[in-house]
Amino acid sequence: MITKRTYFGKEFETFIDEIEIREMVKVLAEQINNDYADKKEEIVIVSILDGSFIFVADLVRRLRFDHKLDFVKIKSYEGTKSRGKVEHLLELSASTEGKHILVVEDIIDTGLTIDAFIGKIKGQKPVSLKVCALFSKPEVHNDIIPIDYLGREIPPCFIIGYGLDINGEGRHLKDIYQLVT
Ligand code: 5GP
């Protein structure tokens, strides 16, 4: 059954339900558990705020290895559009040198946000640097962004729910909704 919601005069309808999202998170956590179980160095999971806060909370509770969680806040979107530039609003609380870094992003659209962040920490000599994203729009970033752990690809639509917002609204929705065009 399709459910509809309206925010700021824009109509959204259900696209991916919470059961499918839970399954995606479970599969991602299993892949990450397999790859990180035997690491000797410190593991830091970096959540890119704001959109990934629900995803990362669900993901880390399925991880069976010890790790630290850190947060950065990077802004690139205004309303339903990428602004084409990024702003770093909150920086990492510790250096990444000598650590395994797993960056957790809600969605990769143009790839600008993840690219800017990765470029920034690559120079700090982490032991490894990987990316986990719940959603990716390959038609927008032309598949140029390497994603080590991906939930699923979606077409170039605008979505909200499960942490993703439109001007601060809609983050609490359990399902993912897409903008009806
Ligand atoms: P990028 O820099 O890859 O173009 O965009 C990444 C960021 O833009 C995401 O972390 C997210 O905050 C926001 N974003 C990209 N696509 C969407 C979308 O479809 N819906 C929402 N709500 N935010 C998006």
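For the single chain, residues carry numbers from 1 onward in sequence order. In listed order, ligands and their atoms are each counted from 1.
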Of all the atoms in ligand 1, which lie at a distance below 4.0 Å from a heavy atom belonging to [X]?
X	value
E105	6 (C), 10 (O)
C157	19 (O)
F158	18 (C), 19 (O), 20 (N), 21 (C), 22 (N), 23 (N)
K137	16 (N), 17 (C), 18 (C), 19 (O)
D165	21 (C), 22 (N)

Item to check | Carboxylate-amine/guanidinium proximity below 4.0 Å for K137 and E153 | outcome: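 Here K137 does not pair with E153 in a salt bridge, since their nearest N and O are not under 4.0 Å apart.
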Item to check | Short N-O contact, R171 and D50, less than 4.0 angstrom | outcome: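 D50 and R171: salt-bridged.
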Counting only heavy atoms closer than 4.0 Å, does ligand 1 sit against the backbone of [X], its side chain, both, or neither?
X	answer
H141	neither
S52	neither
D106	side chain

Item to check | side chain to side chain donor-acceptor pair (under 3.5 Å) assessment of Y162 paired with D106 | outcome: CA-CA 9 Å; Y162 196 69; D106 47 0; over 6 Å; no
Checklist entry - Would you say G111 and ligand 1 have an N/O pair spaced under 3.5 Å apart? => result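 Yes, since at least one N or O of G111 sits under 3.5 Å from an N or O of ligand 1.
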Next on the checklist: Looking only at the side chains, is there a donor atom on one of T96 and Q124 sitting less than 3.5 Å from an acceptor on the other?
Outcome noted: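 Distance-only check passes for T96 and Q124.
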Item to check | F65-Y36 aromatic ring centre distance below 6.0 Å | outcome: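 Yes, ring centres under 6.0 Å apart.
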Checklist entry - atom 21 (C) of ligand 1: which of I159, N167, I145, D115 has the nearest heavy atom? => result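 Ranked by closest heavy atom to atom 21 (C) of ligand 1, first place is I159.
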Checklist entry - Got a second to check how far I147's CD1 is from S136's OG, nearest 0.5 Å? => result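 Result: 3.5 Å between the selected atoms.
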Item to check | F15 six-ring face occupied by R152 cation (under 6.0 Å, within 45°) | outcome: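 Yes - R152 lies over the ring of F15, closer than 6.0 Å to its centre and within 45° of its axis.
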